[in-house]
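Indexing begins at 1, ligand by ligand and atom by atom, following the structure's order. Heavy-atom basis, side chains included; hydrogens, waters and symmetry copies ignored.
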Amino acid sequence: MFVTFEGIEGSGKSSVLRAVQKHLEETGREVLLTREPGGSRIGRELRKLLLDIESTDLTGPSELFLYLADRAQHVSTVIRPAVEAGKIVISDRYADSTVAYQGYGRGLDPKQLHSFNDVAVSGMWPDLTLLFDLPAEVGLGRAVSRNMQEQKCDTEGRFEAESLNFHNTVREGYLTLAALHRKRFRIVDASQPLEAVVADAIAIIEAKLAGDDSEAEAPDF
Ligand code: TMP
């Protein structure tokens, strides 16, 4: 099974991811945690370029194609082999991030991005996508203070430095995507305390593993 976690900055998805991994492994499942950008060897080089605060001269289309290159490499060298080996693969961000950030956020055409994504993922669409949703001002506040603690520096990352308006647009983009792809998406209220967010995420994944698709009556398109 292939699961993706999506959400704006500071939605807490990376902490939830580790708790979910622990739960799945304790219940006997083999899990591979990965992320975008940077889930493969080449991807780690691309991640440096993409997230470097110095990359101010990166043009919109270049940024897009670097994310897509990262994805194509990630799918063929990491995700597909692990899914084929029977593991549960969970990726912290994937194709929907491109539509939310480069599409809704930066103003590129979401439909065109979907076609580009189709090439990059080459059939490897997620079975399940959890959207960790919360107001942009809450997420951004968390992300900026985390960056300053972890990196022990007084600057924000390249995306955290974007305006609140940008992050609001990205959030709205994600909610639009979740409404369009109701069969694949589940929305988790990420403004709850971490334990409650983890419990919701585990319940959704367990339901999917048990083959319970009862919430997904609407057609996917
Ligand atoms: P993160 O993994 O630390 O959340 O940082 C990744 C950043 O890259 C985040 O701000 C979202 C952004 N991003 C895109 O803009 N497009 C993409 O396709 C992906 C995967 C990430």
J.: Classify the ring geometry between H167 and Y101 as parallel (under 30°), tilted (30 to 60°) or perpendicular (over 60°).
T.: perpendicular

J.: Hey, would you say the F116 and F65 ring centroids sit under 6.0 Å apart?
T.: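 Yes - the distance between ring centres of F116 and F65 falls below the 6.0 Å cut-off.
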
J.: Does ligand 1 have any N/O atom under 3.5 Å from a protein N/O, and what are those pairs and their distances?
T.:
{"from": "ligand 1", "atom 1": "2 (O)", "to": "R47", "atom 2": "NH1", "distance (Å)": "3.3"}
{"from": "ligand 1", "atom 1": "3 (O)", "to": "R47", "atom 2": "NH2", "distance (Å)": "3.2"}
{"from": "ligand 1", "atom 1": "4 (O)", "to": "R93", "atom 2": "NE", "distance (Å)": "2.9"}
{"from": "ligand 1", "atom 1": "4 (O)", "to": "R93", "atom 2": "NH2", "distance (Å)": "3.4"}
{"from": "ligand 1", "atom 1": "8 (O)", "to": "Y67", "atom 2": "OH", "distance (Å)": "2.9"}
{"from": "ligand 1", "atom 1": "10 (O)", "to": "E9", "atom 2": "OE2", "distance (Å)": "2.3"}
{"from": "ligand 1", "atom 1": "13 (N)", "to": "Y67", "atom 2": "OH", "distance (Å)": "3.3"}
{"from": "ligand 1", "atom 1": "15 (O)", "to": "Q102", "atom 2": "OE1", "distance (Å)": "3.4"}
{"from": "ligand 1", "atom 1": "15 (O)", "to": "Q102", "atom 2": "NE2", "distance (Å)": "2.9"}
{"from": "ligand 1", "atom 1": "16 (N)", "to": "Q102", "atom 2": "OE1", "distance (Å)": "2.8"}
{"from": "ligand 1", "atom 1": "18 (O)", "to": "R71", "atom 2": "NH2", "distance (Å)": "3.1"}
{"from": "ligand 1", "atom 1": "18 (O)", "to": "T98", "atom 2": "N", "distance (Å)": "3.3"}
{"from": "ligand 1", "atom 1": "18 (O)", "to": "T98", "atom 2": "OG1", "distance (Å)": "2.6"}

J.: If the threshold is 4.0 Å, N to carboxylate O, is there a salt bridge linking R47 and D70?
T.: no

J.: So S122 and R80, side-chain contact (heavy atoms from CB on, under 4.5 Å) or not? Walk me through it.
T.: CA-CA 10 Å; S122 136; R80 196 187 306 280; 2.9 Å; yes

J.: Could you check, using the six-membered ring where one of them is a Trp, whether F2 and Y94 have ring centers closer than 6.0 angstrom?
T.: yes

J.: Would you mind telling me which of H23, R29, K22 makes a side chain to side chain donor-acceptor pair (under 3.5 Å) with E26?
T.: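 Among H23, R29, K22, the one that satisfies the side chain to side chain donor-acceptor pair (under 3.5 Å) with E26 is K22.
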
